[in-house]
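Worksheet for the structure shown next.
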4 protein chains.
Amino acid sequence: MPRNLLRDTQMREKRRRDILDAAASVFARRGLLTKIDDIAVEAGRSHGHVYSYFKSKEELLLAVIKRGQDIYGEQLQMALELEGKASDKFRYIASKVLSQESNADSYMVLLQAIFTDLLDDEEKQKIRQRGKMNRQLLIELIKEGQADGSVRQGDPIQLATLFATLIQNLMLLKIREYEPANETTIDLLIQMIGP
Amino acid sequence: MPRNLLRDTQMREKRRRDILDAAASVFARRGLLTKIDDIAVEAGRSHGHVYSYFKSKEELLLAVIKRGQDIYGEQLQMALELEGKASDKFRYIASKVLSQESNADSYMVLLQAIFTDLLDDEEKQKIRQRGKMNRQLLIELIKEGQADGSVRQGDPIQLATLFATLIQNLMLLKIREYEPANETTIDLLIQMIGP
Amino acid sequence: MPRNLLRDTQMREKRRRDILDAAASVFARRGLLTKIDDIAVEAGRSHGHVYSYFKSKEELLLAVIKRGQDIYGEQLQMALELEGKASDKFRYIASKVLSQESNADSYMVLLQAIFTDLLDDEEKQKIRQRGKMNRQLLIELIKEGQADGSVRQGDPIQLATLFATLIQNLMLLKIREYEPANETTIDLLIQMIGP
Amino acid sequence: MPRNLLRDTQMREKRRRDILDAAASVFARRGLLTKIDDIAVEAGRSHGHVYSYFKSKEELLLAVIKRGQDIYGEQLQMALELEGKASDKFRYIASKVLSQESNADSYMVLLQAIFTDLLDDEEKQKIRQRGKMNRQLLIELIKEGQADGSVRQGDPIQLATLFATLIQNLMLLKIREYEPANETTIDLLIQMIGP
DNA sequence: GATGAATGAGTATTCATTCAT
DNA sequence: AATGAATGAATACTCATTCAT
């Protein structure tokens, strides 16, 4: 009996996303030592299930990383398209990014993947390439801010790197209940890159 | 002929340090997936050798982390004792810390240990405690800078966190050959926390 | 409208045979490591399909073996019923058996099943029993040949075993493209058991 | 403390041989479905032990096969160097080969490896190459026999193949307690290739 | 002390089998 | 009936740790 192909495909897509969500959260908490079974349990499924969606743990890890980078890129893009001063867009980015726990998870996974020798160079290259694209968006915004006077002068590349570094690490600190990064922190951050 | 006990002890100390050095470098590169044998090879010894200096892989990891934090603390302490404006001391810290590759290794290990669920809470507490002590030194320096006018106003705790975050991540970027953090970067950093 | 029960049954029989064919060929090529899915793919069906015709992989394997033995037996029977000298019947058997690839497949599966500890003794007994029946046919033929002077003297059991051994292995060699067993080989074989 | 290097090496060699022996016997009985643990148990060791001598199950399998072929080759070589008629040498080979159980084990493993798709073509090529070398020895002997009148006329390649086939399969039959191949069988066999 | 053989708990992955659709 | 999603038992292989030499 033939099944409903459209629905089958949609269901499959959904389950794939469920696994990615579970994986991101567990990879973030247990690093690359995560067991496939941890992920399966988090997703409420058996480990065999995971393997019918991802060929290997490495493939799953790479998918998690890619998705995190893509989402981050979309958030940046959205900010760029707002009206107003560049500094307001930076503020928007900071509060947007800091408000979502999953960003911190993704970032933690990314850090480990990229600063570690555990992946092929080829895979690391792809990840870096996507990272560069995202940073390019920030660089544009820095330039915009330097033009409209809301961002200090200086090498846009370095300023973009410092800004990105700051918000990403604030995420980490926040999620691990170090220092709650609050509105004040964001103010401070904006001032630091301000003129 | 009695053995030279002092010398024996010194030799033992030295070999212990050799292992710690090897371990820090390998843990940094291969994360918590590091094998004892990787470390032994890096130290030019057999894996059995490692076990006559450290009871377990976890104990070795904790020792590596502690040593990294202690060294970082000493570097901060040294800066505090310099003569001059607080901002000059910050500059000194930045260039000192950035100049030593082993700091980046230690920081990477620390990050993984602390943002991961792989250690006991008890051990994580000790690590956080030492982290707090180091940050306290930075907080003092921030306050000193706010008094002498070389650091901007704002919550010293948050400023210290932001500063620490920046230099630690710059280390990582540098060591992984992302963006070479150079003197300009340090200038920028000092300006950012400046008034 | 009542379904055509006869036709349903025939269809079911046909699909069962399709699976057996697929299974024989895959078992022969991949041995007992064959996956149910390999067989399903070879049969152009899903693995679930296989299970609506055979309860388990073992049952399927046993069915494959049994069918191979039965077909071999029929081929021997047919030869026995021919007119002529026993040696002509041997020649007929040899060329008949060697001409069908599926015989080699069946024999390879049989070998593995029987010289291996992977089946129950009970199942192995059944297989051996059928093997004995087939060999009995050959023994009759040997005796017939000894009577009509076309086969050498000697223990008929041993001669039958040697003959069976030879044609079965020639099949294997042929199918794996070792030495093409041709008409000359058959001549030689007949001479060897000849007087 | 340095160890006795010579002795260490010898011990290692011996243990390697022990594993090969165990592996040959288990592979023969359980085919390619053999578990590494079966072998370890047979060798009276843990499965981890096996892995410090062979990198993988496949490597171990290949080593077992190679050793079996090498030993068979040596047995043939020895026969060739005897004094006397070729048919006596054949008789010697037959009784020599049939007297050692391990030959049957090796042959069974070889059969499965070579008639199955489970190994790389490259590995299969190596195995076939060694097989050819061994058969070449038999071919020489056939020719010798045709010259001294103790072997029937006919294509030496085919005669060698038939002879090899016969003794190898007799081994199998014998070891699985089918038909005890006894002196009579060998007589028969010699007569069959005789003039 | 130093080595590396040996063990066995732990983990990624596969695949027979079941069963809802 | 036919499919393929889901499960979990089974198994290859790894690696921390121990310990005899």
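Quick note: numbers below take in every heavy atom, side chains included, and nothing from hydrogens, waters or symmetry partners. Below, chains carry the letters A, B, ... as their sequence lines are ordered, and counting in each starts from 1.
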Side-chain donor-acceptor contacts of residues 31-39 of chain D below 3.5 Å, not counting sequence neighbours, with atom names and distances?
from, atom 1, to, atom 2, distance (Å)
D/Thr34, OG1, D/Val26, O, 3.4
D/Thr34, OG1, D/Gly31, O, 2.6
D/Asp38, OD2, D/Lys35, N, 3.1

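Sequence order on DNA chain F of the closest nucleotides to B/Gly48 and D/Ile36 puts D/Ile36 first from the 5' end. Sequence order on DNA chain F of the closest nucleotides to D/Thr34 and A/Arg12 puts A/Arg12 first from the 5' end.
Contacts of C/His49 classified as side chain to side chain contact (heavy atoms under 4.5 Å, CB included), with partners at least two apart in sequence or in another chain: C/Arg15, C/Ile19, C/Arg45, C/Ser46, C/Tyr53. Judged as a side chain to side chain contact (heavy atoms under 4.5 Å, CB included), and not counting sequence neighbours, the contacts of C/Gln125 are C/Arg128. For C/Lys55, the side chain to side chain contact (heavy atoms under 4.5 Å, CB included) criterion is met by C/Glu59, not counting sequence neighbours.
Of the charged side-chain nitrogens involved, at least one lies within less than 4.0 Å of a carboxylate oxygen, so that D/Lys14 and D/Asp18 count as a salt-bridged pair.
The nucleotide whose nearest atom lies closest to any side-chain atom of A/His47 is, among E/dT13, E/dA12, E/dT7, E/dT13.
Atom-to-atom, CG of D/Asp37 to C1' of E/dA6 comes out at 14 Å; the value is rounded to the nearest Å. One can place CG of A/Leu33 at 11 Å from C1' of E/dT11, the figure rounded to the nearest angstrom. Atom P of nucleotide F/dC13 and atom CG of D/Asp38 are separated by 14 Å, given to the nearest angstrom.
For the atom pair A/Glu123 CD and A/Leu62 CG, the distance stands at 4.5 Å (nearest 0.5 Å).
In this structure, the side chains of A/Glu42 and A/Arg29 come closer than 4.5 Å at one or more pairs of heavy atoms.
At the phosphate of E/dA6, OP1 or OP2 sits under 4.0 Å from a side-chain N or O atom of D/Arg15.
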Practice item. Kindly determine whether A/Phe27 and A/Leu61 satisfy side chain to side chain contact (heavy atoms under 4.5 Å, CB included), including the steps that lead there. Key: CA-CA 8 Å; A/Phe27 272 130; A/Leu61 172 64; 3.9 Å; yes
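Contacts of residues 49-60 of chain B with DNA chain E (heavy atom under 4.0 Å): B/His49, B/Ser52, B/Tyr53.
Axis angle, first five pairs versus last five pairs of the helix from E/dA2-F/dT21 to E/dT21-F/dA2: 0°, rounded to 10°.
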